[in-house]
Structure formats: structure tokens, C-alpha cells
> 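What follows is a single structure, and I will ask about it in a moment.
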Amino acid sequence: MKRTHHCNELRSAHIGQTVTLSGWVHSRRDLGGLIFIDIRDREGRTQTVFDPSDLPAELFECAAALRSECVVSVTGKVRQRPEGTNNVKIPTGEIEVAAGALEVLNMADVLPFPVDDPEVAKTVNEELRLQYRYLDLRRPEMTRNLRLRSKVATATRFFFDEQGFLEVETPTLFKSTPEGAREFLVPARLHPGKFYALPQSPQQFKQILMVAGVEKYFQLARCYRDEDLRADRQPEFTQIDIEMSFIEREDIYALIEELLKRVWKTALNIDIPTPFKRLSFEEALNRYGIDKPDTRYGIELVDFTEEFRASAFKVFSGAIAVGGVVKAINAKGLADATQGQIETMTEYAKSFGAKGLAYIKVEKGEWKSPIVKFFSSAEKAALTEKLKIEEGDLILFAADQWLNACEILGKIRIYCADLLKSQGKLMVPADRFDFLWVVDFPLLAYDKEQNRWFSSHHPFTAPVAADIPLLTTDPKKVRGQHYDIVVNGVELGGGSIRIHRPDVQKTVFEDVLQIPAEMVKARFGYMLEAFRFGAPPHGGIALGFDRLIAILCGTSSIRDVIAFPKTAKGTCLMTESPAPVESKQLRDLHLELRVAKKD
RNA sequence: GGGGGUGUAGCUCAAUUGGUUAGAGCGCUGCCCUGUCACGGCAGAGGUUACGGGUUCGAGUCCCGCCACUCCCGCCA
């Protein structure tokens, strides 16, 4: 070993020992006759001192020539710092190493951006950080994220091992099942014209593992989706994938609550209370306008459909007359919103399909609004009572079909909350975590363009048993045994009890989803066949591991918790992937390109 | 595919209404400095204002195009 201790290890107890530290030159303070060099490694940093009075001249010269991020090994004696020169900011601040020998393991060029100053480093352009990711990852903040990720992965594996689960690896060379997300395809050299597909999740394999009698399966599984990226979506990502046999929904809730309890304790030393709250899909939409509500603040949606059914304000009564609803939120303390901010909100609402955004500002005891003149005194009284209107409030309305009205106001609710937070009028403690289960999702949703039903989760989700007869008669009413786990407005994961009877699965594929029988056979035939040979009732869930770590690290972008993430356009700035290939490679794969060459 | 934001020195940012030689801090280079830890002092180098057009006597600034990064919508069974 080129070191005897790491750089966060030496304390006054080590005084007098001869030690060797290895690491990077974190900072260098050359006082002319005396040089201080802080050596940094993964664990921390330690001050070394080069004193010309007890060093050969060439060694001192060598120390003077060092620059930031050179890699060195320093050997010397640990000693107490002189009175009054301790550094209370670092754990090794009581001692220093009086250098007796210096080995320069590698020099470093001048860096494209500083890694030693956290204040500057966190404002550095992400483009540059991604291009020089290895430098970015040297920053203690990033090292901490990697460390926490590893720790949580280990805790997860321990937990599932204790609970009797087997970690089973499933193929990443799978076949295309174009029902869901767009897939990455892999040409099969040995089978001209055929392709593998990278799995968007191990869904089918984990269900087959249940048929195989594994009973309790988990995997930290890499998944791939060729869709557009977001701050919380990467083309390749990791999920904690789980499947169990002979269980019901309650068993999954209890298991995941225990897992998250363990994870929060391990990562943050926080005890989270269980069981988690539960909210039906309908209630989530009604109260928060979204199926993954952030319940750390109020601003809940309130329904005024009955109050405005016969209103003189035709925008509201008209919407209700065609089967719609009127809903409102009270953004407390936002009456001082500028006309520009109201305009921004209106444009925002319109971008989600709203026709407009009615509002009332409550200022100086007056309701300032272009629409309030149409309201009867009874309507005003109802608003005041149900929205608890006070001085300084901003009331915002949506009138539309139920789902639209809820979703528009749900987006505006989040916008208002962000605005209030930025103004310091709404405080959300960083260590608050609101977990909840969202349940009772509709099994199916209707695609107007394609004129057919599609699975709101996936086609393997079991209907609530009592609703099975409705599958062919009234699909809209069928509830699915699906559940989502949500924390602070982030969808952390979702799962379901699966269909385990081949006849029900066949009905869903062919009669409900209208997939032709021969296509079902080609895509899912092996699954239906497997289910004929004794499939246990089973169900599972998958948690987004990257999102989980991002929440624990307090960052909104999963790029911060992935060592080598892709940009929003799916490229890697460090390796410059994706990249063109040689024509021989294409020939081997029986492929011919038809794109115009672009450079 | 669509909408918003950003792009000026190695980094972070300025630059009045379109007007002199595009500035500052940090970093970098040289010199000085024996108790610093954001070391300090003196001096210096460093710019195709992302890129390509256009308008103008004159463009970092206005217009058109284009590229990259980013946020959002669509998309993510």
C-alpha cells in the first residue's frame, strides 16, 4: 500500500507516528519559506507541511512545483499544530504531517473548473461537469451521493435476504413487446433481420419466476426506455424490482413500508412512521389534481359544481351543463401576484388545455376580479366559506370535464406552491417526508384516437375480483389491483397484483385490449402457456432506485446520483456516445443505413 | 415533434438607448513572503461575445437561421 492512513484518520492520538498519506493536492499555500499542502482522498483531507530547514533543497523545490490535483504520496511525522493554528473546520485540524519525503505519483494539468471550492463548483455549468465527470465526481458532494447510493443498495440487499428473497438476474437481451415504452433494439448477428430488445422492466421474467416457484424475487435491475428524458428520467435506470407469490395487496404495502423504514434509517438516521396514508386515485385527483400529490402543503382543490350549476356566469354553468365541474384553489397570501404572474399561470393552464384561468385577488377587503360581477351573493358566500377566504388570498378556478379541471388546477397548485416557497411564504422542512399509497386506479383508460381501451398500468394487472364480469360489459368501471408509492409528490414506484389465470389474461389481451389472437400468441404466448402449468397467485412492485437516492440526497435531478448520466438528448458528453460505426460492423449485422450522413 | 430559459476570458458573472480599446472576482504565469488553511503582496498573460447570415455609419446588445446545455408539454404499457 502506498498509504498507512487515509486523509480523515489522523488525530492527536497519532502524534509522533510516521505515516504515509496518498491522494490529490487539494490546496497549496506557498508562504515562500514554508509550504502547506492539503492532501485530499475519498475520506477527507489532511495538512502536510514542507519546511526547508529540515528538507533537502530538491525535495522542497519539488513541493513548490506541485499544483492543484497532482497525485502525491507524502511520508512524515504526525505532530501537534502550533498553539492557535488549529483548523476547526476539518476533523484533522488539530494535527499536521511534517513531510520528510514526497513522491509525485502524477502531475495534473490546470483544471477546466475548480473542484476544491464547493460554492463555485455547484454553480459550474452542468455541460462542463458531465464532460469532465471524473473531476465532478471528486467533489465531496458527489462522492457523498455515490457513497449513499452504495449504502442503500447494500441495505436493500440485506433487507430482502433477511426476508427470504432471492436476487435473480434476468436477461437484458430480451425481445420486443411494443405495447409499452419505446424500446432500444439490438440487431441479432446470428439471426439476420431479427432483433433483441432491451427490457423496459423485467416484468415478464419476474412473473415467470413466480411460475417457477421462486416465491420471493428481487433484483436491482437495469431498465431501458427509448423515450424523451427529464430531470427524473434517463434512458437507462435502475429499479428495485420485487415479485411475490401467495400474497395480497396488503402484503406488498407492509413489505415496502418496512424496506423504506430501513432505508431512511440507514441513509438519514430518520425514523419514518408506518403504516403510510392511503388515498384513492379519485380522492387524489379531487383534492390535489394529480395522482402523485405532494401533501406537505395544503392549497387543496375545492368543488363548486353544485353552487354554480345555475350561475349567471355562463363559463361556469355552461361547463357544468355539458357534464363538467367547477373547482377552485385558494393560494393563501398570493393576492400580490403581479399581472405578469397571473398571465404566466393562465398561459401555463392553457398549455394543459384550459380555455382560461379565472381568478379573484382579495386585497384591501375587496375582491378584484374580471368575473366577480357575475357572481350572486349566495355564490360569493359559498366561496368565502368553503375556501376560507381572507385578506391577501388568491383564488383560482378551473371549469372543465372532471379529469381536465382537476389536472389543470393540480398543475396550478404546484406552480403557486413553488411561487410561495420562493417568496418565503410557504416553508417545507427539508427533512419532512410524506409517504402515501395511491390505490384504486381504474384498470383501463380509453384512447379516443385509436378508439380502444388500453391498460392504465400494464396488461398483467389483475382486476378487483368482483369486477371481472365487468371487463367485457363495462370496462370503465373495472378497478385494478394497482398501487403507487408516492413521497413528497414524487412517484417512487408502482405495482400490482397480477392476473394468474390464463383465461382472464387472454380475455384482457384479446377482448378488452383488442390485440389480435395471433399477435398475443407471438408476443405473450410463452407466458400464457406457462400459466397453464400451475401459476400461483402473485404480485409485485418496482421502485425507481435513482429517484429514491435523489430524494435521500435532496436533489431534484437523478443525474446527480448516477455516476455517468446522459444529457437531455440522450448523449454522453464524456465518451461522446452514441457514435457512428464502421460499415463492416453494419454488414455483420445485416443492416443498411438510410439516414443522410450528418456531422 | 412543440414551448420556455441559458450561451461573453480556464471558471463564475458584468457591460446604460445600438456608440471609445468588452470589464471584475477566482484561476493561471512570474517575482516576493516561515504558520497558512478562501494565505498575503506586486506585476503580467488571457476574448472569433457558441456558430452562420442580415439590418446599421456602428452590433455582445436588434432581426433571421443554426448548434449545445437545461426545464416543461407530448411521450414514459
Side-chain angles (χ1 to χ4, degrees), chain A residues 26-38 45-54 60 64 67-69 81-90 92-93 96 98 109-132 135 177-183 200-201 203-204 223-235 237 344 347-348 350-353 407 411 414-415 418 443-445 447 453-461 480 482 491 494 496 508-509 513 515 523-524 544 556-557 559 566-569 571 573 598-599:
Chain A
H26 185 74
S27 77
R28 168 183 61 118
R29 294 173 296 280
D30 185 345
L31 273 57
L34 192 66
I35 303 172
F36 296 99
I37 293 190
D38 286 357
R45 56 188 229 239
T46 302
Q47 173 168 285
T48 63
V49 197
F50 291 78
D51 188 335
S53 59
D54 33 72
F60 189 76
R67 292 197 285 207
S68 280
E69 301 302 310
R81 292 189 183 200
E83 182 85 35
T85 61
N86 285 5
N87 185 350
V88 293
K89 291 183 201 161
I90 58 174
T92 58
E96 63 190 11
D109 283 353
V110 175
L111 303 177
F113 61 90
V115 301
D116 60 334
D117 186 338
E119 287 308 308
V120 175
K122 73 182 175 195
T123 63
V124 170
N125 192 346
E126 190 169 6
E127 198 173 344
L128 207 61
R129 292 174 49 204
L130 290 175
Q131 188 185 343
Y132 300 96
L135 297 179
T177 51
E179 299 306 302
R182 187 181 300 114
E183 298 157 318
Q200 27 184 315
S201 88
Q203 183 62 34
Q204 292 168 55
C223 307
Y224 307 86
R225 294 181 188 173
D226 189 8
E227 297 290 351
D228 284 2
L229 291 82
R230 291 281 190 283
D232 62 348
R233 277 166 28 190
Q234 285 271 310
F237 62 99
T344 304
E347 287 306 311
Y348 191 52
K350 281 182 178 171
S351 74
F352 297 111
E407 287 182 341
K411 300 281 190 186
I414 293 171
Y415 180 89
D418 288 342
L443 184 73
L444 300 156
D447 183 337
W453 293 96
F454 65 94
S455 304
S456 43
H457 182 44
H458 61 48
F460 314 110
T461 302
H482 171 54
E491 183 193 329
S496 61
V508 168
F509 279 142
L513 301 177
I515 304 172
R523 285 186 196 154
F524 305 108
S556 56
S557 168
R559 288 190 300 273
K566 303 282 192 287
T567 67
K569 283 235 171 71
T571 65
L573 295 177
K598 211 172 142 188
D599 47 3

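Lettering of chains follows the sequences in order, A, B, ..., and the numbering in each one begins at 1.
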> Heavy-atom nearest nucleotide on RNA chain B for A/E96 versus A/L573: which residue maps closer to 5'?
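Result of the comparison: A/E96.
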> Name the closest nucleotide to the A/F36 side chain, picking from B/C28, B/U36, B/G74.
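It is B/U36.
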> Could you go through nucleotides 8-12 of chain B and list every protein N or O atom that sits under 3.5 Å from one of its N or O atoms, giving the distance for each pair?
| unit_1 | atom_1 | unit_2 | atom_2 | d |
| --- | --- | --- | --- | --- |
| B/G10 | O2' | A/P112 | O | 2.7 |
| B/U12 | OP1 | A/N125 | N | 2.8 |

> Within the side chain of A/E96, is there an N or O that forms a donor-acceptor pair under 3.5 Å with the backbone of A/V49?
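No; judged by distance alone, with no hydrogens or angles, the pair does not exist.
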> Output the rounded distance in Å from CG (A/D232) to P (B/U70).
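The distance from CG of A/D232 to P of B/U70 comes to 14 Å, rounded to the nearest Å.
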> Extract from the structure each pairing of a protein N or O with an N or O of nucleotides 37-47 of chain B at less than 3.5 Å, listing the distance.
| unit_1 | atom_1 | unit_2 | atom_2 | d |
| --- | --- | --- | --- | --- |
| B/C37 | O4' | A/R29 | NE | 2.9 |
| B/C37 | O2 | A/Q47 | OE1 | 3.3 |
| B/C37 | O2 | A/N87 | ND2 | 3.0 |
| B/C37 | N3 | A/R81 | NH1 | 2.7 |
| B/C37 | N4 | A/R81 | NH1 | 3.3 |
| B/C37 | N4 | A/T85 | O | 2.2 |
| B/A38 | OP1 | A/K89 | NZ | 3.4 |
| B/A38 | OP2 | A/K89 | NZ | 2.8 |
| B/C39 | N4 | A/D30 | O | 2.5 |

> Output yes when a side-chain donor or acceptor of A/S456 lies under 3.5 Å from a complementary backbone atom of A/L443, and no otherwise.
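Yes, because the side chain of A/S456 sits within donor-acceptor range (under 3.5 Å) of the backbone of A/L443.
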> Just wondering, more than 12 heavy atoms not from A/D54 lying within 6.0 Å of its CG?
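Count over threshold, so yes.
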> What is the pairing partner of B/G7, taking Watson-Crick or G-U wobble pairs with both distances under 3.5 Å in any strand?
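The answer is B/C67, by the H-bond criterion.
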> If you define the side chain from C-beta out and look only at heavy atoms, does anything of A/R29 sit under 4.5 Å from A/Q47?
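They are in contact (side-chain heavy atoms under 4.5 Å apart), so the answer is yes.
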> Return the nearest nucleotide to the side chain of A/A568; candidates are B/C71, B/G35, B/G74.
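Given the options B/C71, B/G35, B/G74, the side chain of A/A568 is closest to B/C71.
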> Taking the C1' atom of each, how far is B/U20 from B/C32, in whole Å?
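Here B/U20 and B/C32 have their C1' atoms 37 Å from each other.
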